[in-house]
Amino acid sequence: MFTEISVNDINDFRLGHASNKEAGTGVTVIYFPDGATAGCDISGGGPASRETPLTMPMTADNPINAIVLSGGSAYGLAASDGVMTCLEEHGIGYNTGVSLVPLVCQSCIFDLGYGSSKVRPDSTMGYEACIQALMKAGVVNTDASTAANSDSSEPIQGCIGAGTGATVGKIMGMKQAEKSGLGIYSVKTGTFTMTAIVVVNALGDISDYETGKKLAGLKNADRTEYISCEETLYQFMAPRDMFTGNTTIGAIITNAAFNKAELNKIASMARNAYARCINPVGTMADGDTIYAASTAKRGGNGEAVRVDINFAGTLAARVMSAAIKNAVMNSKISDEEFLSMVK
């Protein structure tokens, strides 16, 4: 029924990445040329986020211009300053009558234990990622921009952007963890499209949602085999701080028409993917967040794609599951390289 397609075949949004491979961190910008209606589901106990109230049904129904995913923990929220500056410079934002105010939501992963803890996404990196997204949308002339690296050989998923410093299986610390990254999965049926974009940075293990096979996660002390993160967790019955730097953040994007309340529900249904693929998940040591965005044109001209919300929410969990798998499968590195980057 569904056909997998490239994210580059969808024109309703564009992705831009900025990566610092040496420091192990980065930014991903999801830019919506015509704006998007958005919802959000936060299930983790320690989120780092910005402007998520814009996704609440009781707030003004203004389309957002971009969603930013980044590393850097709460420090990384500075990346949106650069995104806003970039959008404003190109005439994009909510017109207040006296100035444009770009509407930008952001969520961050904690990647300070991978690479350098002193180098975090900042305004400059956010600007660079945004310029890349605008270039792909045709807003910025490629030749006119020197702020971004437009190398077409750059991978679209894996250790890139916000996934540069992502890791999984961290309940026993980084020395027994594994590399993860950013994953994407897009499908189409008829005129309907849906995409999942996710940065997998979990406390727990990652399994294939179809077979149950472990794909990445906690390894034993000498890194010769996998051990269960869940079974290891059960060794710690007494209350303790399990924080090791975790959070899986992502977005579901569809061209089907939904309001903010419906998109909040779709985001919460997409969370089922986390339960299928990540174990343990949603702990107080995680900051798990999922956005759901509709790029359907406003104005009720009868041309918007319409699908059932249960259909959309169920499919959202499926495409998110596939994106989680892609995140870890496209981010494999050698143990030697991984251990050289962790503390």
Side-chain angles (χ1 to χ4, degrees), residues 2 4-10 13-19 21 24-30 41 44 67-71 107-111 114 129 133 154-170 177-188 193-211 213-217 246-254 267 270-279 281 286-293 315-333 338:
F2 303 104
E4 182 182 357
I5 59 174
S6 168
V7 69
N8 294 325
D9 294 334
I10 302 174
F13 65 92
R14 284 290 182 250
L15 297 178
H17 303 290
S19 311
K21 298 295 179 67
T25 194
V27 178
T28 295
V29 172
I30 308 169
D41 177 80
I67 293 172
V68 178
L69 308 176
S70 83
S107 291
C108 309
I109 66 167
F110 185 100
D111 58 3
Y114 186 85
E154 189 85 71
I156 64 170
Q157 55 186 332
C159 300
I160 187 172
T164 303
T167 51
V168 295
K170 293 174 278 193
E178 276 196 304
K179 190 71 183 74
S180 182
L182 181 144
I184 302 172
Y185 190 79
S186 299
V187 296
K188 177 179 181 179
T193 62
M194 180 174 282
T195 296
I197 302 166
V198 65
V199 182
V200 183
N201 190 60
L203 173 76
D205 299 322
I206 311 301
S207 298
D208 188 312
Y209 68 104
E210 294 178 305
T211 67
K213 178 183 177 182
K214 185 168 177 175
L215 302 175
N246 325 290
T247 290
T248 296
I249 55 178
I252 294 291
I253 306 164
T254 180
R271 191 203 318 162
N272 290 322
Y274 287 13
R276 292 172 189 169
C277 303
I278 307 170
N279 189 31
V281 70
D286 293 298
D288 301 330
T289 302
I290 300 176
Y291 296 92
L315 181 61
R318 184 175 183 86
V319 297
M320 181 62 76
S321 296
I324 290 171
K325 180 178 179 179
N326 283 343
V328 296
M329 298 306 293
N330 286 279
S331 304
K332 298 289 186 180
I333 62 175
F338 180 81

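Hydrogens, waters and symmetry mates play no part in the numbers below; they use all other heavy atoms, side chains included.
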Say whether, by atom type as modelled, one donor and one acceptor occur between the side chain of [X] and the main chain of [Y] under 3.5 angstrom.
| X | Y | answer |
| --- | --- | --- |
| Tyr274 | Thr289 | yes |
| Thr254 | Thr193 | yes |
| Ser180 | Val200 | yes |
| Ser6 | Asn8 | yes |

**Prompt:** Just wondering, more than 12 heavy atoms not from Lys188 lying within 6.0 Å of its NZ?
**Reply:**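 12 or below, so no.
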
Would you say that [X] contacts [Y] through its side chain, given a criterion of any heavy-atom pair below 4.5 Å between the two side chains?
| X | Y | value |
| --- | --- | --- |
| Asn201 | Thr167 | yes |
| Ile184 | Asn326 | no |
| Val281 | Thr248 | no |
| Glu178 | Ile206 | no |
| Asn279 | Asp205 | no |
| Gln157 | His17 | no |
| Tyr114 | Thr164 | no |

**Request:** Apply side chain to side chain contact (heavy atoms under 4.5 Å, CB included) to Leu15 and Ile156, showing your working.
**Result:** CA-CA 9 Å; Leu15 297 178; Ile156 64 170; over 6 Å; no

**Stepwise side chain to side chain contact (heavy atoms under 4.5 Å, CB included) test for Phe13 and Thr195** = CA-CA 10 Å; Phe13 65 92; Thr195 296; 3.8 Å; yes

**Message:** Between Val319 and Phe2, is the side chain to side chain contact (heavy atoms under 4.5 Å, CB included) condition met? List the steps.
**Reply:** CA-CA 11 Å; Val319 297; Phe2 303 104; over 6 Å; no

**Request:** Nearest 0.5 Å please: distance from the CD1 atom of Ile290 over to the CD1 atom of Ile197.
**Result:**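 One gets 12.5 Å once the value is rounded to the nearest 0.5 Å.
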
**Prompt:** How many angstroms lie between atom CG of Leu215 and atom OH of Tyr209, to the nearest 0.5 angstrom?
**Reply:**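 Taking CG in Leu215 and OH in Tyr209, the distance rounds to 11.0 Å.
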
